[in-house]
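The structure appears below as structure tokens.
Basis for what follows: all heavy atoms, side chains included, without hydrogens, waters or symmetry-related copies. Keep in mind that this is a model prediction, so the values were computed, not measured. Each residue takes its place number in the sequence, starting with 1.
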Amino acid sequence: MSEHAGDSESVIEEIVEKLHGHDASSSDSDSEKPVPAAPVVAEAVKEVPPPSSHLPTPPVKPKIYRLFGRQQPLHVVLGGGRPADILLWRKKKISAIALGVATAIWVLFELLEYHLLTLVCHILIFSLAILFLWSNATTLINKAPPRIPEVQIPEKAILEFVSSLRLEINQAIALLRQIASGKERKKFLAVIAGLWVISVVGGWFNFLTLFYLLFVLAHTVPVLYEKYEDQVDAFSEKAIIELKKHYAVVDAKVLSKIPRGPSKGKKSE
């Protein structure tokens, strides 16, 4: 019995030793396996490109030439408000009425050869006769007489008109004085050419017809120019370039030889 117990103890010891050896070998093998590296955070995170200082700048729009060098819309150049709306046909009814009244006046005075004083007197006679008969007729038929409105010219409107007219006249006189002093050759040529054209056109028409033509042009040219603005500006730019070339030739051959008036600096000395 003692021998059998000793054999069983030795078998148990061998089994325990084998188990310890297997655990050690398994731990060694586990230690020999390569440990996977931790994932790099920089690879997981998408790289955000730094803001570049060389970003493409938006293309610069070329400077568009406008007639007479204007920088504002045509509506603003014409003064804005109701007068500009009428000239540009924004209010078509008022524009049509104004043009129709001007045409009727021109037909009466030019084609029918009415005189202004005669026309005014006939209109007053006709109006007063109708109102007088109407007022007397209402008393016979027991009806209310016609209400004749009280019409008064406001003082403020007259003063504003006279003030603006005075300002324009003073500016025209100052411009003529500056040109007459021999300092502005370009303005001198422009004014001389304009006055010559007006004198020629004035010989073709009388004052009323000329005024009517200007009125019609004022009600047609701005609206047509606003409609075909780009085409007109491109054509006028080419025309002005050609005029500048011709003016340079005239300036070199003729105008530069004309003695100029004394400047302000010399006059003050």
Side-chain angles (χ1 to χ4, degrees), residues 68 70 72-173 194-195 197-229 232:
F68 304 118
R70 64 180 180 86
Q72 297 176 336
L74 185 60
H75 187 271
V76 179
V77 173
L78 293 176
R82 181 172 292 183
D85 292 338
I86 295 174
L87 293 178
L88 296 175
W89 288 76
R90 304 283 175 85
K91 297 183 178 181
K92 296 182 179 180
K93 291 183 179 180
I94 300 177
S95 301
I97 290 173
L99 192 59
V101 170
T103 304
I105 292 173
W106 180 77
V107 169
L108 285 173
F109 289 114
E110 190 64 24
L111 298 183
L112 301 181
E113 296 183 353
Y114 248 99
H115 297 286
L116 178 62
L117 185 60
T118 304
L119 179 64
V120 171
C121 290
H122 286 176
I123 291 175
L124 290 175
I125 291 170
F126 183 73
S127 301
L128 290 175
I130 291 178
L131 291 174
F132 180 79
L133 294 175
W134 189 3
S135 298
N136 289 325
T138 53
T139 57
L140 297 176
I141 58 178
N142 295 324
K143 286 189 176 182
R147 295 181 179 179
I148 302 174
E150 295 182 1
V151 180
Q152 293 182 355
I153 300 175
E155 182 181 0
K156 183 179 179 181
I158 297 297
L159 293 177
E160 289 179 354
F161 174 76
V162 173
S163 177
S164 60
L165 182 62
R166 180 186 64 84
L167 181 62
E168 295 295 332
I169 292 175
N170 289 337
Q171 289 180 353
I173 293 174
L195 291 175
V197 170
I198 292 174
S199 66
V200 172
V201 175
W204 297 342
F205 311 103
N206 56 18
F207 179 76
L208 180 62
T209 303
L210 182 61
F211 179 80
Y212 174 70
L213 290 177
L214 293 177
F215 189 85
V216 172
L217 290 176
H219 281 75
T220 54
V221 172
V223 65
L224 291 175
Y225 171 69
E226 188 180 36
K227 187 176 182 180
Y228 303 102
E229 184 176 2
V232 174

Step-by-step ring pair (Phe, Tyr, Trp, His ring centres under 6.0 Å) determination, Phe126 to His122: CA-CA 6 Å; Phe126 183 73; His122 286 176; over 10 Å; no
Residue pair Asn206, Leu210: steps toward the side chain to side chain contact (heavy atoms under 4.5 Å, CB included) verdict: CA-CA 6 Å; Asn206 56 18; Leu210 182 61; over 6 Å; no
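By the 4.5 Å heavy-atom criterion applied to side chains, Thr209 and Trp204 are not counted as neighbours. Residues Leu87 and Val223 are not in side-chain contact: their nearest non-hydrogen atoms beyond the backbone lie 4.5 Å or more apart. The closest side-chain heavy-atom distance from Leu119 to His115 is not below 4.5 Å.
Rounding to the nearest 0.5 Å gives a distance of 8.5 Å between CZ of Phe211 and CD1 of Ile105. With rounding to the nearest 0.5 angstrom, the CG atom of Leu165 is 5.0 Å from the CZ atom of Phe161. Taken to the nearest 0.5 Å, the CD1 atom of Ile123 stands 8.0 Å off from the CG atom of Leu108. To the nearest 0.5 Å, the span separating CD1 on Ile158 from OG on Ser163 amounts to 12.5 Å.
Across Thr103 and Tyr212, no two heavy atoms sit closer than the pair OG1-OH, 2.9 Å. The shortest non-hydrogen separation linking Leu99 to Phe215 is CA-CE2, 4.1 Å. When all heavy atoms of His219 and Ile86 are compared, the pair lying nearest together is NE2-CG2, 3.9 Å.
Residue Ile153 qualifies as open at atom CD1: its count of foreign heavy atoms under 6.0 Å is 12 or below.
Remark: side-chain polar atoms of Ser127 are not paired, donor with acceptor, to backbone N or O of Leu124 under 3.5 angstrom. Judged by distance alone, with hydrogens and angles left aside, the side-chain atoms of Ser135 form a donor-acceptor pair with the main-chain N or O of Leu131 at under 3.5 Å.
Among pairs with a residue in residues 135-160, none fulfils salt bridge (Lys or Arg N to Asp or Glu O under 4.0 Å), at least two apart in sequence or across chains. Residue pairs satisfying the side chain to side chain donor-acceptor pair (under 3.5 Å) criterion with at least one member in residues 80-102, sequence neighbours excluded, are listed as follows: His75-Asp85, Arg90-Glu226.
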